[in-house]
A.B. asks: 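Next up is a structure, given as structure tokens.
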Protein chains: 4
Amino acid sequence: MTPKMVDREQKRLQIIGSAFNVLRDKGYMDTKMSDIAEAVGIGKGTLYEYFANKEELVAATVETMIRLSQDSIYRELDAIADPEEKLRRFIRLLAEAFGEESGLFRLFIEIVRGSGGGGGRFERMDYLAEAYKRTTNKVEAILKEGIDKGVFRKVDVPSTAVLLVCIMDGLQLPYGLDRKSVDVKKVNGVVEEMVFSYLK
Amino acid sequence: MTPKMVDREQKRLQIIGSAFNVLRDKGYMDTKMSDIAEAVGIGKGTLYEYFANKEELVAATVETMIRLSQDSIYRELDAIADPEEKLRRFIRLLAEAFGEESGLFRLFIEIVRGSGGGGGRFERMDYLAEAYKRTTNKVEAILKEGIDKGVFRKVDVPSTAVLLVCIMDGLQLPYGLDRKSVDVKKVNGVVEEMVFSYLK
Amino acid sequence: MTPKMVDREQKRLQIIGSAFNVLRDKGYMDTKMSDIAEAVGIGKGTLYEYFANKEELVAATVETMIRLSQDSIYRELDAIADPEEKLRRFIRLLAEAFGEESGLFRLFIEIVRGSGGGGGRFERMDYLAEAYKRTTNKVEAILKEGIDKGVFRKVDVPSTAVLLVCIMDGLQLPYGLDRKSVDVKKVNGVVEEMVFSYLK
Amino acid sequence: MTPKMVDREQKRLQIIGSAFNVLRDKGYMDTKMSDIAEAVGIGKGTLYEYFANKEELVAATVETMIRLSQDSIYRELDAIADPEEKLRRFIRLLAEAFGEESGLFRLFIEIVRGSGGGGGRFERMDYLAEAYKRTTNKVEAILKEGIDKGVFRKVDVPSTAVLLVCIMDGLQLPYGLDRKSVDVKKVNGVVEEMVFSYLK
DNA sequence: AATGAATGAGGGTTCATTCAT
DNA sequence: AATGAATGAACCCTCATTCAT
């Protein structure tokens with residue numbers, strides 16, 4: 001990687017960071033390229049020096065933010081040996097990651113929505129599917145390990161893993177609708193109880 | 001309500017029905033007013049005789065479809081006396097309603113996304129919050145009844161109700177990403193098991 | 001053709017007429033869609049009700065103007081029996097058609113230029129090639145008839161026909177460069193003399 | 001001219017050479033400044049060290065290429081004494097210069113087109129008019145000499161000269177439209193025959 | 001002198017909305 | 001009441017030009 005490449009990559013990341021803030025707040029549809037440029041503090045045209053078009057910029061933004069989020073989660077998880085503790089931590093980290101602070105998943109969903117139909121606009125959304133798959137795989141591994149070690153019951157691993165990820169995703173819902181009246185912490189507590197009541 | 005009003009209401013419903021089909025398939029962003037008009041089989045201008053603008057039409061569509069879905073679910077549930085059976089049925093009905101066939105929730109999410117930020121375009125989305133609230137209330141009622149009758153443990157009712165709705169919502173996720181490799185029926189089965197392992 | 005189609009075709013022609021005026025004066029590159037809209041006296045968006053994009057509009061304009069020009073020329077020629085008189089008239093009509101009044105050919109050339117390279121923007125320019133071919137064919141027919149009737153020498157018909165069309169085209173040149181100092185009428189006279197000195 | 005100036009002039013010529021290749025292939029409209037810079041193998045900004053803007057660069061390119069072409073033609077013609085031979089050679093040289101290999105005239109025409117209207121972008125296109133004038137003057141001189149020497153008929157010299165240049169220009173036409181089906185050599189042969197049948 | 005990253009004016013195009021019929 | 005032709009604001013994107021290094 002030449003020095004120039006470093007600068008370029010730095011700038012891409014800077015743009016992605018600001019782009020994410022705007023996209024998270026306004027959604028894909030309502031985010032104009034000029035909004036992003038303004039947020040980064042650069043000219044509109046400069047965006048096109050780093051990304052071919054809006055779709056690429058948004059895809060790269062989502063990809064990067066997911067990767068960063070996943071990397072950070074996985075790194076922390078890898079340091080934990082006990083499967084139950086690992087799963088418990090996983091739930092909390094995902095709840096955090098999906099929580100309001102991030103908004104990543106709200107954006108994620110909007111984009112998936114737009115491209116789910118087949119003729120959708122996002123081509124590179126395979127990455128999103130991969131990220132999802134990576135997460136379910138991670139959960140599957142944790143579950144298997146727990147079962148092998150006799151910590152968990154012998155549950156259907158693939159279905160349970162999918163369900164766990166779905167639940168974490170579903171916890172997004174109140175953020176859009178009912179921010180005030182829901183005690184997120186409590187709900188998260190119930191999630192853990194419920195999951196382990198099932199696994200034990 | 002005069003006969004004319006009835007006609008008017010009929011036509012609104014007809015438009016809403018066709019609009020929903022289009023919106024479900026293409027998403028909010030990619031659905032043009034002309035697409036809807038074409039689907040209904042009327043002129044573009046006529047839409048504006050029945051709805052003030054795109055936002056109103058879409059809001060009314062989502063409202064109506066949610067109401068219809070909820071009405072049908074509640075009607076069926078009211079016929080069931082046993083709380084456990086009621087909750088079990090509720091889970092299945094919601095899974096169905098949120099399932100791929102409907103697509104209602106994918107649309108719902110896309111719209112909520114757009115208006116979540118506060119400055120968003122959808123003003124009338126309070127209705128969505130109400131629908132959500134109505135559902136959690138319904139679940140709360142079922143839980144309370146079950147606890148009162150000694151069928152369920154004494155769980156935190158509000159949090160558990162919220163969680164249940166979130167879980168049902170979260171089950172949408174695979175539809176957009178991983179339609180093929182997920183065995184939806186199995187996952188739904190795990191949901192039931194998990195919920196009741198927690199409530200018992 | 002329904003009544004609506006008539007109106008539509010009328011409007012297309014109206015747009016084409018105004019578009020031609022603008023294109024002739026400013027050239028393809030410097031003609032903005034808004035210039036054309038303004039010239040027609042309609043909104044910019046309306047152009048797109050009748051033509052898919054700028055390229056289609058320009059292609060249709062050139063096609064139509066060429067067709068009109070050719071139709072008018074051919075109609076007049078068909079009324080003439082004598083080959084020499086026919087060719088003489090042909091030269092004069094083409095000189096007129098290609099003359100400054102029209103500017104059609106200047107535009108024509110600019111467009112062919114842009115699309116000649118192969119990767120060029122104009123896909124429908126086959127029509128231009130056809131128009132050119134139609135003209136050379138017409139000239140070939142006149143030459144053949146003249147030769148058959150013994151009015152002309154036995155020249156190489158295809159090459160001579162191509163050359164005649166090229167000459168007429170070449171007469172455009174002074175219009176762009178030297179409008180003032182060239183006596184077009186005289187030059188046209190020389191063309192005729194030269195051509196017939198060759199054919200006799 | 002200081003050594004520095006020589007270097008500068010060298011570089012200008014180098015740029016012009018590459019610029020011509022690109023312009024000939026893509027046309028004015030589709031040639032970006034970056035294309036030229038890349039072709040020269042220098043930075044985009046450097047172009048502006050040698051030419052004030054795109055227009056100047058293109059104008060200089062066309063000017064230079066025309067001058068080079070004319071110089072080479074004139075040098076060769078000056079070595080010929082016999083007027084008929086001179087004219088014959090002139091026709092062949094111009095046919096070559098205007099031929100596909102060069103593409104100079106296709107570019108020339110595109111540019112003249114853009115600036116013909118008066119409000120056009122090219123201010124310095126006077127040079128093109130001068131080059132054209134120089135060519136007609138040259139032809140006039142040849143014709144006069146031929147007439148004086150009794151080799152040619154007493155034709156209208158200015159008109160005939162203009163016509164000859166127009167014909168040579170017109171021979172460009174098939175290159176853009178009908179490259180395949182035209183036997184250029186034969187057509188060029190007919191040109192000579194026709195011209196001399198007129199002059200004798 | 002040379003560069004190329006940054007810029008932003010400007011163009012083509014879309015589509016929600018209007019309104020004359 | 002119903003229509004769809006007309007509209008133009010608004011958006012994405014390009015590319016000639018500038019200027020800090």
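FYI, side chains are in, hydrogens and waters are out, and symmetry mates aren't considered; it's all heavy atoms of this structure. Owing to the predicted nature of the structure, the values given are computational and were not obtained by experimental measurement. Chain letters run A, B, ... following the sequence lines, proteins first, then strands; residues in each count from 1.
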A.B. asks: Could you state the CG-C1' distance from C:D30 to E:dG12, rounded to the nearest angstrom?
C.D. replies: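 Computing the C:D30:CG to E:dG12:C1' distance gives 15 Å.
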A.B. asks: Ignoring hydrogens and geometry, is there a side-chain-to-backbone donor-acceptor pair from D:K32 to D:M29 under 3.5 Å?
C.D. replies: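 Indeed, once roles are kept as given, a pair shorter than 3.5 Å links the two residues.
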A.B. asks: Within this structure, what is the CZ-to-C1' distance between D:F51 and F:dT18, rounded to whole angstrom?
C.D. replies: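 The distance from CZ of D:F51 to C1' of F:dT18 comes to 18 Å, rounded to the nearest Å.
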A.B. asks: On DNA chain E, compare the nucleotides closest to C:G45 and B:G45; which residue's is nearer the 5' end?
C.D. replies: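 It is C:G45, whose closest nucleotide lies nearer the 5' terminus.
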A.B. asks: So D:I42 and D:I15, do their side chains get closer than 4.5 Å, heavy atoms only?
C.D. replies: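 Touching, per the 4.5 Å side-chain cut-off.
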A.B. asks: Please tell me which of the listed nucleotides, E:dA2, F:dC12, E:dT13, lies nearest to the side chain of C:N53?
C.D. replies: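 Of the options given, the side chain of C:N53 lies nearest E:dT13.
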A.B. asks: So, is C:K44 near the phosphate of F:dG8, with a side-chain N or O under 4.0 Å from OP1 or OP2?
C.D. replies: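 The answer is no; no side-chain N or O of C:K44 sits under 4.0 Å from OP1 or OP2.
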A.B. asks: Between B:G41 and A:T31, which has a closest nucleotide on DNA chain F that is more 5'?
C.D. replies: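 Result of the comparison: B:G41.
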A.B. asks: Reckon B:Y48 has a side-chain N or O less than 4.0 Å from the OP1 or OP2 of F:dA1?
C.D. replies: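 No.
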A.B. asks: Counting only Watson-Crick pairs (N1-N3 plus N6-O4 or O6-N4) and G-U wobbles (N1-O2, O6-N3), all under 3.5 Å, who is the partner of E:dG12?
C.D. replies: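 For E:dG12, the partner nucleotide comes out as F:dC11, under the 3.5 Å rule.
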A.B. asks: Specify the separation, in whole Å, of atom NZ of A:K54 and atom P of F:dT14.
C.D. replies: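 Nearest whole value for this atom pair: 15 Å.
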A.B. asks: Heavy atoms from C-beta onward define the side chain here; which of F:dC12, E:dT7, E:dT13 lies closest to that of A:M33?
C.D. replies: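 Per side-chain heavy atoms of A:M33, the pick is F:dC12.
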A.B. asks: Is A:Y50 close enough to E:dA6 that one of its side-chain N or O atoms is under 4.0 Å from OP1 or OP2 there?
C.D. replies: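 So the side-chain polar atoms of A:Y50 do come within 4.0 Å of the phosphate oxygens OP1 or OP2 of E:dA6, strictly under.
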A.B. asks: Could you check how far CD1 of B:I36 sits from P of E:dA16, rounded to whole Å?
C.D. replies: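 Between P of E:dA16 and CD1 of B:I36: 8 Å.
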A.B. asks: Yes or no on side chain to side chain contact (heavy atoms under 4.5 Å, CB included) for B:T61 and B:L57, after CA distance, side-chain angles and deciding distance?
C.D. replies: CA-CA 6 Å; B:T61 298; B:L57 167 50; 3.7 Å; yes
A.B. asks: Of the options E:dA2, F:dC11, F:dT3, whose atoms approach the side-chain atoms of D:K11 most closely?
C.D. replies: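 Of the options given, the side chain of D:K11 lies nearest E:dA2.
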A.B. asks: Could you check whether any side-chain N or O of B:R24 sits under 3.5 Å from a backbone N or O of B:L107, counting only pairs where one atom can act as donor and the other as acceptor?
C.D. replies: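 Looks like no, no N/O pair under 3.5 Å.
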A.B. asks: Rounded to the Å, how far apart are B:L57 CG and E:dA16 P?
C.D. replies: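 In whole Å, E:dA16 P and B:L57 CG are 11 Å from each other.
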A.B. asks: From CG of A:D7 over to P of F:dA20, roughly how many Å is that when rounded to an integer?
C.D. replies: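 Going from CG in A:D7 over to P in F:dA20 covers 18 Å.
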A.B. asks: Taking atom P of F:dC12 as reference, at what distance in whole Å does atom CE of B:M29 sit?
C.D. replies: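 It works out to 11 Å between those atoms.
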A.B. asks: Take atom CG of B:L47 and atom P of F:dA2, then tell me their distance rounded to the nearest Å.
C.D. replies: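 Between P of F:dA2 and CG of B:L47: 11 Å.
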A.B. asks: If you check every side-chain atom of C:K32, which of F:dT17, E:dG12, F:dC12 has the closest atom?
C.D. replies: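 The listed nucleotide nearest to C:K32's side chain is E:dG12.
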A.B. asks: Sub-3.5 Å donor-acceptor pair from the side chain of C:T31 to the main-chain atoms of C:G27, do we have one?
C.D. replies: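 At least one qualifying donor-acceptor pair exists.
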A.B. asks: Does the side chain of B:I16 come within less than 4.5 Å of B:E63's, by heavy atoms?
C.D. replies: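 The answer is no; the side chains never approach within 4.5 Å.
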A.B. asks: With both distances under 3.5 Å as the test, what is the Watson-Crick or G-U wobble partner of F:dA5?
C.D. replies: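 The answer is E:dT18, by the H-bond criterion.
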A.B. asks: If you assign each of C:S34 and A:E49 to its closest nucleotide in DNA chain E, which residue comes earlier from the 5' end?
C.D. replies: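 Mapping each residue to its closest nucleotide by heavy atoms, the 5'-most match is A:E49.
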A.B. asks: Whether A:T46 contacts E:dA5 is assessed here as follows: a side-chain N or O lying under 4.0 Å from the phosphate OP1 or OP2. Is that the case?
C.D. replies: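 It does not, given that no N or O in the side chain of A:T46 lies less than 4.0 Å from OP1 or OP2 of E:dA5.
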